[in-house]
Amino acid sequence: MEGRQLANKWLKTAALLSDPRIAGHIPATRIYNTSNLHQMLNKYGYVVVKPVVGTGGSGVIKVTKSGSTYRYTYRSNTRSFDEFDAMVRSLSGVKKKRANLIQRGIDLATIGGRPIDYRVKVVKKNGKWGFRAMVGRLAKRGLFVTNLCKGGTMLTAAQGITQSLPGQSVSAKKSKMKHLTRVSTAILEKKYPGIGQLGFDYGIDRSGHIWIFEVNTRPQ
């Protein structure tokens, strides 16, 4: 049985942000509007815009500010602008009219210049949650999204951590991701009873900090 579906990323993110054990592992996230985009680019220099409802990396846009130059990357195309307003006008055609989130961009650890993240899947069976998968997903060269349906390459979590963060403990990183998954699953199940499976998207930045990007109730 699949269990309850919860497609809205904002609701799941807000539930996790409300818990101090997890909040420090979630990148700053806001609902998309021009004012929030301007503030977050000024603060972080790099953000990701993504649909509130969406899967498989579809509609995900990378937006950066460097000096007075604004850029966004959608799929493998990057456009540059001298003015924020000009970029926003162009961006509105790409992101369409659907609701979007803005999330602080994280400089992920990479392998050969290609970013890697991790998918951890848990399933509830006979009243107990169990781990089903923990894999690394390496972005296709030239892309910043790692989704396998967008050409990403699957590795074991151990391969990913070893190759992207040499010198860091694989077992420590894996057990930390498992711990965050258990705590987050309990938070989400309490708030949204009836969920039966969850897919967590984790990133590890270059300093080794673990981030939760999103949680899916229908993980592929």
Side-chain angles (χ1 to χ4, degrees), residues 6 9-29 44 46-48 50-51 54-58 60 62 101-111 114-124 129-140 143-150 152-189 195 197-220:
L6 186 66
K9 291 175 187 170
W10 177 247
L11 294 178
K12 289 176 281 192
T13 300
L16 295 178
L17 278 169
S18 70
D19 192 295
R21 295 170 295 172
I22 298 297
H25 293 277
I26 296 182
T29 306
Y44 301 115
Y46 164 28
V47 300
V48 173
K50 56 187 179 183
T55 59
S58 295
V60 179
K62 176 180 180 178
L101 297 177
I102 312 168
Q103 194 169 68
R104 174 189 173 185
I106 302 296
D107 282 319
L108 293 173
T110 58
I111 299 175
R114 296 155 67 186
I116 181 166
D117 67 9
Y118 301 86
R119 164 58 65 91
V120 178
K121 186 175 175 181
V122 287
V123 176
K124 192 170 191 180
W129 286 95
F131 286 88
R132 284 294 163 86
M134 180 184 279
V135 296
R137 304 181 304 180
L138 185 64
K140 182 179 176 181
L143 292 185
F144 68 93
V145 293
T146 60
N147 305 73
L148 303 181
C149 60
K150 295 282 187 284
T153 304
M154 190 160 75
L155 308 171
T156 67
Q159 286 171 328
I161 295 163
T162 302
Q163 293 178 45
S164 64
L165 290 162
Q168 299 248 6
S169 164
V170 170
S171 59
K173 291 290 178 245
K174 286 176 69 173
S175 60
K176 180 70 173 178
M177 280 193 275
K178 283 188 170 182
H179 170 70
L180 292 170
T181 300
R182 287 189 198 98
V183 174
S184 299
T185 298
I187 294 165
L188 289 169
E189 189 174 31
I195 52 177
Q197 57 176 336
L198 293 169
F200 288 79
D201 288 349
Y202 285 99
I204 307 180
D205 67 24
R206 292 172 188 183
S207 68
H209 186 75
I210 296 173
W211 299 91
I212 303 172
F213 293 133
E214 62 184 67
V215 188
N216 298 283
T217 52
R218 192 181 290 171
Q220 301 301 312

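In this text the structure is predicted, and so the values were computed from the model without any measurement. No hydrogens, no waters, no symmetry mates; every other heavy atom, side chains included, goes into these values.
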**Student:** Carefully, step by step, assess R119 and N216 under the rule side chain to side chain contact (heavy atoms under 4.5 Å, CB included).
**Tutor:** CA-CA 10 Å; R119 164 58 65 91; N216 298 283; 3.0 Å; yes

**Student:** Nearest 0.5 Å please: distance from the CG atom of L16 over to the CD1 atom of I22.
**Tutor:** 6.5 Å

**Student:** Once rounded to the nearest 0.5 Å, what's the spacing between atom OG1 of T217 and atom CG of L198?
**Tutor:** 7.0 Å

**Student:** Under the criterion side chain to side chain contact (heavy atoms under 4.5 Å, CB included), I'd like the reasoning laid out for R182 against F131: C-alpha separation, chi angles, the key distance, then a yes or no.
**Tutor:** CA-CA 9 Å; R182 287 189 198 98; F131 286 88; 3.9 Å; yes

**Student:** Indicate yes or no: at least one non-hydrogen side-chain atom of E214 is less than 4.5 angstrom from one of K50.
**Tutor:** yes

**Student:** Go through the steps to decide whether W211 and Q103 satisfy the test side chain to side chain contact (heavy atoms under 4.5 Å, CB included), and finish with yes or no.
**Tutor:** CA-CA 12 Å; W211 299 91; Q103 194 169 68; over 6 Å; no

**Student:** If the condition is side-chain hydrogen bond (donor to acceptor under 3.5 Å, both in side chains), which residues does S169 pass it with, not counting sequence neighbours?
**Tutor:** S171

**Student:** To the nearest 0.5 Å, what is the distance between CG on L180 and OG1 on T185?
**Tutor:** 10.5 Å

**Student:** Between K12 and V215, which heavy-atom pair has the shortest distance, and what is it?
**Tutor:** NZ-O, 2.7 Å

**Student:** Would you please name every residue forming a ring pair (Phe, Tyr, Trp, His ring centres under 6.0 Å) with W129, sequence neighbours left out?
**Tutor:** none

**Student:** For a quick test of reading the model, state the closest non-hydrogen atom pair linking I106 to P27 and the distance between them.
**Tutor:** CG1-CG, 4.1 Å

**Student:** Please lay out, stage by stage, how I161 and Y118 fare under the test side chain to side chain contact (heavy atoms under 4.5 Å, CB included).
**Tutor:** CA-CA 10 Å; I161 295 163; Y118 301 86; 3.5 Å; yes

**Student:** Rounded to the nearest 0.5 Å, how far apart are CG of L138 and CD of Q163?
**Tutor:** 8.0 Å

**Student:** Against I111, only a single residue in L165, L155, T162 fulfils side-chain contact (heavy atoms from CB on, under 4.5 Å); can you say which?
**Tutor:** L155

**Student:** Looking at every non-hydrogen atom in both residues, tell me the closest pair between K173 and I210 and how far apart they are.
**Tutor:** O-CD1, 3.8 Å

**Student:** State the NE2-CG distance between H25 and D19, to the nearest 0.5 angstrom.
**Tutor:** 11.0 Å

**Student:** What are the two closest non-hydrogen atoms of Y202 and D117, and how far apart are they?
**Tutor:** O-CB, 3.0 Å

**Student:** Is the count of non-hydrogen atoms from other residues, nucleotides or ligands lying under 6.0 Å from H209 atom NE2 greater than 12?
**Tutor:** yes

**Student:** Can you tell me how far CD1 of I212 sits from OG1 of T181, rounded to the nearest 0.5 angstrom?
**Tutor:** 7.0 Å

**Student:** State, yes or no, whether a side-chain contact exists between Y44 and I102 at a heavy-atom distance under 4.5 Å.
**Tutor:** no

